[in-house]
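The structure under discussion appears below in the form of structure tokens.
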Amino acid sequence: MTFSLAESSIFATMPDDRPEMARWDPGFTRQITNLVGPVIRRYFRAEVRGVSSMPPAGGALVVSNHSGGMMTPDVLVFAPEFYKQFGFERPLYTLAHYGVFVGPLGDLLRRAGVIEASRKNAGDALRAGAVVLVFPGGDYDSYRPTRTANVVDFGGRTGYVRTAIDAGVPIVPMVSIGAQETQIFLARGDSIARRLGLTKARMEILPISVGFPFGLSVIFPPNLPLPSKIVTRVLEPVDITAKFGADPDIDEVDHHVRSVMQAALDDLARSRRFPIIG
């Protein structure tokens, strides 16, 4: 199948009422990947290791730590290498908070494979044979304080395990290091958010950070990320049924996934010589 520039142009943003998965546009995704991928790779000197260890076909749930705050480059580091390995015939969907789809940017994100985070959306994509990327820790993880930069922290969220079990797909753990060095993260501000009643609007944190060029930031103004070297590593798939049986314990699976991720992240941290430089 071919895609003309008119069909997949960045500027073609007419309203679209189709299901979210159906809005993925391989031609548009290719354009974005070819345009943004090299910039991200050079700016962050990004490396992605172990992509070939992913299942060669079929659905898979990629579970990763999340880093870098509002300007997290995780997806833009991983996606180009995924498509380089598997081509644009195999879709990669990324689950995201509904808030990122507000405004005209929402349609562009959906065309690039970003879908609203829900058990149904993830399950539909996985059962259709797609690869789904999820960051269980979300903003809570991406704004973890600098003193715990190399700690996998999902904030107790285990729904990803049930999603993989229900869809009958393996979990592919993935870890990334470096993006948490793009600025200094002082605190998540989750206690402040609770005191201010922001949790009623599903705003669970009020992060405080220091960076370039604005210095101190409480979410806004967003500082630009420093060019820290980012290394991402894809780990071996976890076949849940084979390892934990037909009726697996959710907490046990979650503990195993986080444990192998933490070990891999510790390994990357040990080989890192200096902050930012890598």
Side-chain angles (χ1 to χ4, degrees), residues 10 13 32-33 35-46 64-80 94-117 133-151 153-155 176-232 275-278:
I10 293 175
T13 57
I32 293 295
T33 300
L35 179 67
V36 180
V39 176
I40 294 296
R41 186 172 61 251
R42 291 191 183 97
Y43 185 80
F44 292 108
R45 292 160 289 145
S64 180
N65 61 322
H66 208 23
S67 304
M70 184 183 296
M71 298 295 186
T72 174
D74 292 332
V75 177
L76 294 174
V77 168
F78 173 66
T94 302
L95 301 182
H97 187 275
Y98 75 95
V100 306
F101 298 102
V102 176
L105 185 61
D107 180 63
L108 298 179
L109 290 173
R110 287 185 171 95
R111 293 176 64 198
V114 183
I115 59 178
E116 186 174 332
L133 172 59
V134 62
F135 302 97
D139 290 345
Y140 183 84
D141 195 20
S142 71
Y143 278 104
R144 63 189 180 278
T146 295
R147 67 179 181 277
T148 59
N150 298 324
V151 175
D153 191 348
F154 292 168
S176 182
I177 194 170
Q180 215 64 8
E181 300 170 7
T182 58
Q183 55 186 297
I184 298 173
F185 296 92
L186 300 178
R188 291 187 178 98
D190 44 334
S191 60
I192 300 174
R194 286 193 297 271
R195 290 193 186 100
L196 294 177
L198 299 178
T199 54
K200 296 178 182 178
R202 297 182 65 180
M203 188 173 177
E204 299 177 357
I205 60 174
L206 194 64
I208 304 170
S209 61
V210 177
F212 174 84
F214 302 110
L216 185 66
S217 170
V218 184
I219 296 186
F220 294 102
N223 284 299
L224 299 177
L226 295 175
S228 176
K229 179 174 177 58
I230 294 177
V231 178
T232 296
I276 300 179
I277 296 174

Report the distance from atom CD1 of Ile192 to atom CG of Leu198, rounding to the nearest 0.5 Å. 9.5 Å

Side-chain contact, heavy-atom cut-off 4.5 Å: Ile115 with Leu95? yes

Donor-acceptor check, side chain of Arg41 to backbone of Ala46, threshold 3.5 angstrom: yes or no? no

The side chain to side chain donor-acceptor pair (under 3.5 Å) partners of Arg110 (sequence neighbours excluded) come to Glu20

Asp139: partners by salt bridge (charged side-chain N to carboxylate O under 4.0 Å, His left out), with sequence neighbours left out: none

Of all pairs that satisfy ring pair (Phe, Tyr, Trp, His ring centres under 6.0 Å), the ones with a partner from residues 182-227, not counting sequence neighbours: Tyr143-Phe185

Give a yes or no on this: more than 12 heavy atoms of other residues, nucleotides or ligands lie within 6.0 Å of atom CZ of Arg147. no

Taken in chain and number order and not counting sequence neighbours, the residues that satisfy salt bridge (charged side-chain N to carboxylate O under 4.0 Å, His left out) with Asp153 are Arg188

Point-to-point distance, once rounded to the nearest 0.5 Å, from CD1 of Ile230 to CZ of Phe78: 14.5 Å

When you compare the side chain of Asn65 with that of Gln180, does any pair of heavy atoms fall below 4.5 Å? no

Sequence neighbours excluded, the answer for ring-ring contact (aromatic ring centres under 6.0 Å, His included) partners of Phe154 is Tyr160

What one should report as the nearest heavy-atom pair of Pro227 and Arg45 is O-NH2, 2.7 Å

Can you tell me how far apart CG (Leu196) and OG (Ser191) are? Round to the nearest 0.5 Å. 9.5 Å

With sequence neighbours excluded, what pairs up with Leu216 under the side-chain contact (heavy atoms from CB on, under 4.5 Å) test? Leu186, Ile208, Val210

Contacts of Asp190 that satisfy side chain to side chain donor-acceptor pair (under 3.5 Å) - sequence neighbours left out: none

Met71 side, atom CE; Leu76 side, atom CG - distance, nearest 0.5 Å: 12.0 Å

Can you name the residues that form a side-chain contact (heavy atoms from CB on, under 4.5 Å) with Pro275, not counting sequence neighbours? Glu181

List the residues meeting side chain to side chain donor-acceptor pair (under 3.5 Å) with Thr182, not counting sequence neighbours, and say none if there are none. none

Any idea which heavy atoms bring Ala193 and Leu206 closest together, and the distance? CB-N, 4.2 Å

Answer yes or no: is there a donor N or O on one side and an acceptor on the other, between the side chain of Thr199 and the main chain of Arg194, under 3.5 Å? no

In short, Pro80 meets Gly37 closest at the heavy-atom pair CG-CA, 3.9 Å

Quick check: does any side chain N or O of Arg144 sit under 3.5 Å from a backbone N or O of Asp141, one acting as donor and the other as acceptor? yes

Would you indicate whether the side-chain heavy atoms of Asp74 and Ser64 approach each other to under 4.5 Å? no

Residue pairs involving residues 204-228 (criterion salt bridge (Lys or Arg N to Asp or Glu O under 4.0 Å); sequence neighbours excluded): Arg157-Glu204

Using a 3.5 Å distance criterion without hydrogens, assess whether the side chain of Thr72 forms a donor-acceptor pair with backbone atoms of Ser67. yes

With Phe44, which residues qualify under ring-ring contact (aromatic ring centres under 6.0 Å, His included), at least two apart? none

Sequence neighbours excluded, which residues qualify as side chain to side chain donor-acceptor pair (under 3.5 Å) partners of Ser209? Gln183

